[in-house]
Amino acid sequence: MTRSADLRSLLERPVLEAAPRLLGAVLRHGDVACRLTEVEAYDGAHDPGSHAYRGPTPRNAVMFGPAGHLYVYFTYGMHWCANVVTGPEGEASAVLLRAGEVVAGLDLARERRPGTRDRDLCRGPARLARALGLDRDVLGVDLLDPASPVRLLPGEGAGDVLSGPRVGLSAGHETPWRFWLADEPTVSPYRPGRPLR
DNA sequence: CGACCGATTTGCT
DNA sequence: GCAAATCGGTCGT
């Protein structure tokens with residue numbers, strides 16, 4: 001990861017460049033903090049899988065705003081998922097936070113996800129959002145503003161980054177959309193992947 | 001106004 | 001491994 005001063009400029013980079021470098025960074029909401037171990041890139045304008053693909057709507061408006069803000073959406077009638085907006089303003093790309101390791105506020109995280117093993121607390125995008133207490137209340141907050149309830153903080157150096165193509169997309173079979181840290185128990189079970197160049 | 005879909009998780013088999 | 005649960009956004013009538 002990078003130092004704090006570089007976070008803003010990193011997030012303004014193209015999403016495929018910013019996404020893997022978010023691994024190891026820490027997302028904190030109140031007392032609960034999570035070290036990111038798995039993310040996925042969504043390229044607003046060109047990615048059919050992106051919520052921004054069909055243009056701006058009230059729901060995805062945050063994606064079209066400046067980088068570094070939190071895009072939270074509700075899906076499957078019961079889950080919230082969290083994204084970090086990246087790229088130049090108006091490009092509407094974002095990084096879906098898929099998994100992480102709870103590094104602070106373990107008690108509260110367990111409370112929010114009863115009966116869950118610690119390593120599963122943030123294993124999966126909706127699980128991560130739940131453990132951190134992320135919902136519409138924090139939609140659009142600036143993660144780089146020290147006054148925000150949700151903050152993105154630089155992490156220690158991360159281990160090896162693996163990447164793999166996202167299934168179900170016709171375009172971008174050559175492009176790695178998914179990034180995760182090797183040898184992390186909090187990452188989703190098994191994915192075929194290769195080291196990031 | 002109504003129908004259909006979805007960047008998923010969970011629980012049961 | 002598979003199906004249920006559950007509802008806001010989006011689009012068509």
Side-chain angles (χ1 to χ4, degrees), chain A residues 11 14-20 22-23 25 27 32 34 36-65 67-87 91-102 109-140 143 150 152 162-173 175-181 185-193:
Chain A
L11 294 179
V15 66
L16 288 178
E17 190 177 323
L22 280 178
L23 294 171
L27 190 70
V32 182
C34 172
L36 303 177
T37 56
E38 182 183 359
V39 300
E40 197 164 70
Y42 284 85
D43 190 347
H46 307 103
D47 182 358
S50 170
H51 284 179
Y53 185 58
R54 315 248 174 225
T57 67
R59 180 207 202 189
N60 64 24
V62 172
M63 295 182 77
F64 288 83
H69 287 241
L70 186 67
Y71 170 53
V72 180
Y73 67 90
F74 186 74
T75 190
Y76 287 92
M78 61 188 98
H79 302 302
W80 294 93
C81 293
N83 303 249
V84 177
V85 176
T86 69
E91 190 181 288
S93 53
V95 177
L96 173 68
L97 309 180
R98 295 197 57 91
E101 171 196 9
V102 175
R110 287 172 177 155
E111 212 173 288
R112 286 170 172 154
R113 301 195 29 104
T116 306
R117 291 195 304 278
D118 286 350
R119 70 187 47 176
D120 290 335
L121 287 172
C122 290
R123 198 176 79 160
R127 296 167 171 183
L128 185 153
R130 172 138 200 143
L132 281 170
L134 305 177
D135 55 25
R136 59 160 48 108
D137 287 349
V138 291
L139 171 63
L143 298 170
V150 188
L152 183 64
L162 300 181
S163 67
R166 204 174 57 178
V167 295
L169 267 189
S170 52
H173 192 280
T175 312
W177 298 96
R178 229 181 254 246
F179 306 92
W180 64 96
L181 293 179
T186 56
V187 173
S188 313
Y190 167 76
R191 293 189 203 302

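Within every chain, numbering begins at 1; the chains are lettered A, B, ... in the order of the sequence lines, protein sequences first and strands thereafter.
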Without decimals, in angstroms, what is the distance between [X] [atom1] and [N] [atom2]?
X: A/Asp135; N: C/dG8; atom1: CG; atom2: P; value: 13 Å
X: A/His51; N: B/dC5; atom1: NE2; atom2: C1'; value: 11 Å
X: A/Arg117; N: B/dT9; atom1: CZ; atom2: P; value: 15 Å
X: A/Tyr53; N: B/dG6; atom1: OH; atom2: C1'; value: 17 Å
X: A/Arg123; N: B/dT10; atom1: CZ; atom2: P; value: 10 Å
X: A/Met78; N: B/dG11; atom1: CE; atom2: P; value: 11 Å
X: A/Leu96; N: B/dT9; atom1: CG; atom2: P; value: 9 Å
X: A/Asp120; N: B/dT8; atom1: CG; atom2: P; value: 17 Å

Next on the checklist: Closest approach to the side chain of A/Pro125, judged atom by atom: which nucleotide of B/dT8, C/dG8, C/dT10 is it?
Outcome noted: B/dT8
Checklist entry - So which nucleotide from C/dC7, C/dT10, C/dT6 ends up closest to the side chain of A/Asn60? => result C/dT10
Checklist entry - When you check the phosphate oxygens OP1 and OP2 of B/dT10, does a side-chain N or O of A/Arg127 lie under 4.0 Å from one of them? => result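 Result: yes.
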Checklist entry - Is A/Thr57 near enough to C/dT10 that one of its side-chain N or O atoms lies under 4.0 angstrom from OP1 or OP2? => result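 Yes.
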Shortest non-hydrogen separation from [X] to [Y] and the atoms involved:
X: A/Glu38; Y: A/Val187; result: OE1-CG1, 3.5 Å
X: A/Gly133; Y: A/Arg112; result: N-NH1, 3.5 Å
X: A/Ser163; Y: A/Phe179; result: CB-CD2, 3.8 Å
X: A/Leu70; Y: A/Ala82; result: CD1-CB, 4.1 Å

Checklist entry - Heavy atoms under 4.0 Å, any strand shown: does A/Tyr76 hit a base, just sugar-phosphate, or nothing? => result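 Base contact.
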Checklist entry - Using a cut-off of 4.0 Å on non-hydrogen atoms, how would the nucleic acid contact of A/Arg113 be classed: base, sugar-phosphate, or nothing? => result sugar-phosphate
Next on the checklist: Tell me whether the side-chain N or O atoms of A/Tyr73 pair up with the base of B/dA7 as donor and acceptor below 3.5 Å, since no angle test is needed here.
Outcome noted: yes
Checklist entry - Of A/His79 and A/Arg136, whose closest DNA chain C nucleotide lies nearer the 5' terminus? => result A/His79
Checklist entry - For A/Tyr42 and B/dA7, are the ring centres under 5.5 Å apart with planes inclined under 30°? => result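 So yes, this residue stacks on that base, both cut-offs being met.
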Item to check | Base partner of B/dG6, which must satisfy Watson-Crick or wobble distances under 3.5 Å | outcome: C/dC7
Item to check | Reported CE-to-CD distance for the pair A/Met63 and A/Glu91, which is rounded to 0.5 angstrom | outcome: 10.0 Å
